[in-house]
Trainee: 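Before anything else, here's the structure in question.
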Amino acid sequence: MMSEKHFPYPDVALSRDELRDAVVRYVSNPLYLDNEEWTNDDNPYRRQLRPQVVSHLDFSTVLRKEELLDYQSLTAQRLLTCIYEADLMFLPRADVAAKWQDFRRFYSPTNRVLSELVRPALERHAFGFLEGEVEVSGNWSRDSLEAYLRDGVSGKQEDPSESELAIEKSSDPQRAARMWLVQFAPDFLSEASPMIRNVLGSFGPLQSEWFKIIVDEYGYGVHDTKHSTLFEKTLESVGLRSDLHHYWLFYLTSSLMMNNYYHYLGKNHELFFRYLGALYYAESTLVPFCRRAADLLAKVFDGKIDTRYFTEHVHIDQHHGRMALDKLVLPAVEAYGDVVIPDIVRGFEEIQVLTALADEDFAAQIRWMDGGDDFKQLHGPVWAAIESGKVTAPMAPLLEPRGELSNTHCHDGDELCHIVSGTMRFVNGLDSYQILEAGEGTVIQKNRLHGAIIESEECRYEIHSVGDYQRCLS
Amino acid sequence: MLVVNFSANGDGNCVVVEGRLFVLARTGKGSFLVRASCPHRGGPLHLADLDATGDTLVCPWHENGYPFTRSRESAIPVVRSANRVTAVFPSKSAASYTREYRPMSRCLSGQRPSGGSRSPRTGENPVAQRSGVLVPRADPDRMRSPVAPPP
């Protein structure tokens, strides 16, 4: 018998420098350069990754939970979305000829090879924190798993989430609700694609049960009933565009993270049993969630919204929740033994961690959007503290011409934007902005998504990294 | 079966099921459900040290050792997510339970041990010791270089 010592089989791992260089090379694809508009126009291949910043980032670490909304994490999630979606088939709705080069570049061998080279490290970077966040121990059995899962979904999602409350309390509920719908777009416009990653292959009756859920998601081959089609109608009914990643620059980190998590589980087949746990949680809790979402959206838009996407899920996910447990999870344990249970439990818990994070992130973003005028007013005292020397902070001076668009990003601490001359439109969310003139400015809250465009011939401004703006006020 | 939620740390970190007290011991070898009171004379096992192997609780009262990784309690299925713990007890689902608070020793609360680990008393220790090295939970690799703030 051949010995393994003669054929060493080390793990593939890039050094920090090799990883950084590979990521920089990946994001240098022209598809990922900064945009000159706030939205993408029927081009599923264009995704802005701000390559000019990537060389300053280190993806070789595991992000801690408290860093998950930092800029590093936003970039990692944007990257992973591009990487996972290179496996999916997207076509523009019109004028393919004009986008032919982009089409070829997105599916090119170079893009795909580079994406596979950096993907494992990015996944570890972005999702590695879950290893410490969730711990499973003890001797699990089929019966203890069933008791745990049934208890775990009982009564869950019955109360309005923090996101829903943020929309209801918002000073502009329709704007907030549109921002909410946009956060679902990465998932719902190509719905169930991560699941389909586990359709291929051969693994007995589970495979067919898995496929049944997908058949529902895909509307039985009738395009008008495909769930993604229903969601397109929802978007269009409230004046939003439904072409893929039209609102790429307005996705929050946690929204991308939620969708990427399912791709992460589906792309890495060794995580199949985790996927079972996460799937059961999702399918079981979507019923009350979609019921509330349909009611909330109908209320916010005075009934002038197509909510069929949500009402369809209220119906079909009653079946999917049952099917996920009785036809997938428990039969998997019966077929493959208790060894698969810890992963099922882990997936069930991990998706809850991410759901909670997404809820907090979105609610915070709505408060940030609604508080735009207040943060603009805060410029006065914070700037006074800096000008008087009471507070010293690193400062970056910038000079930008008319039309220069700072593609959306976030900062890891509070910042003060101070306009020296010219005019800036400071954008803090979809259809949400402040106009900043010379002598004005705004506090930029830590982790909050924002961007800017220059509306004068040129604009000279300063970014002061104050860390915590509150210390400027005391 | 009885499914119980309680805290890993802080208020409500001790669950009382049918008169028996349980806490989650978070050690370098993983997290396990353990009895909070010593079966010998009721000593506070939630304040126990670990021996040098890292898998034996040493009761602070009489220094009896209990290899928790192989105990009946540690076989109870349990999952921790952040500070929330869910355990599935073999009791009837209608069994009553309460939650209480017990302070935890450093080495059982997910922190590094405070110093040298204690050895259980020889002679009175009914449990054979296992060899091994205490491996505290490692923090995620933190090798970040200074990051320029995005413009």
Side-chain angles (χ1 to χ4, degrees), chain A residues 16 20 50 52-53 55-58 60-65 67 70-72 74-75 124 128-141 143-152 154 341-342 345-346 348-350 352-353 356 394 396 398 406-407 409-413 415 463 465, chain B residues 1-6 8-9 22-34 55 68-95 97 109-111 136-151:
Chain A
R16 183 167 57 183
R20 185 194 58 233
R50 304 184 82 233
Q52 67 275 20
V53 182
S55 62
H56 300 288
L57 305 178
D58 177 9
S60 68
T61 63
V62 175
L63 287 171
R64 291 176 296 173
K65 191 176 182 187
E67 296 173 318
D70 285 357
Y71 182 70
Q72 177 103 11
L74 173 64
T75 303
R124 175 177 172 272
F129 79 99
L130 288 167
E131 296 297 324
E133 194 68 7
V134 175
E135 285 182 292
V136 186
S137 69
N139 298 337
W140 288 81
S141 64
D143 291 345
S144 57
L145 174 67
E146 182 176 2
Y148 157 77
L149 290 175
R150 289 192 187 281
D151 181 81
S154 172
I341 296 180
V345 172
R346 178 168 277 283
F348 186 80
E349 292 290 343
E350 287 181 348
Q352 294 182 64
V353 172
L398 294 137
S406 173
N407 283 218
H409 56 278
C410 59
H411 299 286
D412 301 351
E415 310 248 336
I463 298 292
S465 301
Chain B
M1 292 188 164
L2 175 68
V3 182
V4 176
N5 288 294
F6 59 103
N9 290 310
F22 300 90
V23 292
L24 187 77
R26 299 177 64 189
T27 79
K29 293 200 170 178
S31 295
F32 305 89
L33 208 63
V34 298
D55 57 15
F68 62 91
T69 54
R70 290 187 295 176
S71 71
R72 191 188 314 169
E73 288 75 26
S74 70
I76 293 173
V78 62
V79 56
R80 177 189 66 80
S81 177
N83 197 41
R84 176 175 53 82
V85 181
T86 306
V88 187
F89 289 89
S91 317
K92 288 182 179 173
S93 62
Y97 65 90
S109 58
Q111 303 173 51
R137 180 189 307 281
D139 286 334
D141 180 12
R142 306 297 307 156
M143 300 188 304
R144 298 184 63 165
S145 57
V147 174

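Keep in mind the model is a prediction, meaning the values are calculated, not measured. Order of the sequence lines sets the chain letters (A, B, ...), proteins ahead of strands, with each chain counted from 1.
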Trainee: Report the C-alpha separation of Ile463(A) and Leu398(A) in whole Å, then their side-chain angles, then the decisive distance to 0.1 Å, and conclude whether the side chain to side chain contact (heavy atoms under 4.5 Å, CB included) test is met.
Mentor: CA-CA 8 Å; Ile463(A) 298 292; Leu398(A) 294 137; 3.8 Å; yes
Trainee: So what's closer than 4.5 Å to chain B heavy atoms on Glu146(A): side chain, backbone, both or neither?
Mentor: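 Looking at Glu146(A), nothing touches chain B.
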Trainee: What residue in Asn5(B), Val79(B), Val88(B) has the most heavy-atom pairs under 4.5 Å with chain A?
Mentor: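 Going by pairs under 4.5 Å, I would pick Val79(B).
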Trainee: Taking the six-membered ring for Trp, are Phe22(B) and Phe6(B) closer than 6.0 Å centroid to centroid?
Mentor: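 Not under 6.0 Å, so no.
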Trainee: Hey, are Asn9(B) and Ser109(B) close enough side-chain-wise for a donor-acceptor pair under 3.5 Å?
Mentor: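 Per modelled atom types, Ser109(B) and Asn9(B) side chains form no pair under 3.5 Å.
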Trainee: Compute whether any side-chain donor of one residue and acceptor of the other, for Asp58(A) and Ser60(A), lie under 3.5 angstrom apart.
Mentor: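 Yes, because at least one side-chain N or O of Asp58(A) sits under 3.5 Å from a partner of the opposite role on Ser60(A).
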Trainee: Please identify, among Phe348(A), Tyr148(A), Phe129(A), Trp140(A), the residue contributing the most non-hydrogen atom pairs under 4.5 Å to chain B.
Mentor: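 Counting heavy-atom pairs under 4.5 Å, the top option is Trp140(A).
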Trainee: Check whether Val136(A) gets within reach of chain B through its side chain, its backbone, both or neither, counting any heavy atom under 4.5 Å.
Mentor: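 Both backbone and side chain.
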Trainee: Heavy-atom pairs under 4.5 Å with chain B - which of Val134(A), Leu145(A), Leu130(A), Asn139(A) has more of them than the others?
Mentor: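 Most heavy-atom pairs within the cutoff with chain B belong to Asn139(A).
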Trainee: Could you go through the side chain to side chain contact (heavy atoms under 4.5 Å, CB included) check for Phe89(B) and Ile76(B) one step at a time?
Mentor: CA-CA 6 Å; Phe89(B) 289 89; Ile76(B) 293 173; 3.8 Å; yes
Trainee: Could you tell me which portion of Ser81(B) (side chain, backbone, both or neither) has an atom closer than 4.5 angstrom to a non-hydrogen atom of chain A?
Mentor: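 Both the backbone and the side chain of Ser81(B) come within 4.5 Å of chain A.
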Trainee: Is there a donor-acceptor contact under 3.5 Å from the side chain of Ser74(B) to the main chain of Phe68(B)?
Mentor: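 Between the backbone of Phe68(B) and the side chain of Ser74(B) there is a qualifying donor-acceptor contact (under 3.5 Å).
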Trainee: So what's closer than 4.5 Å to chain B heavy atoms on Ala147(A): side chain, backbone, both or neither?
Mentor: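 Both parts, backbone and side chain.
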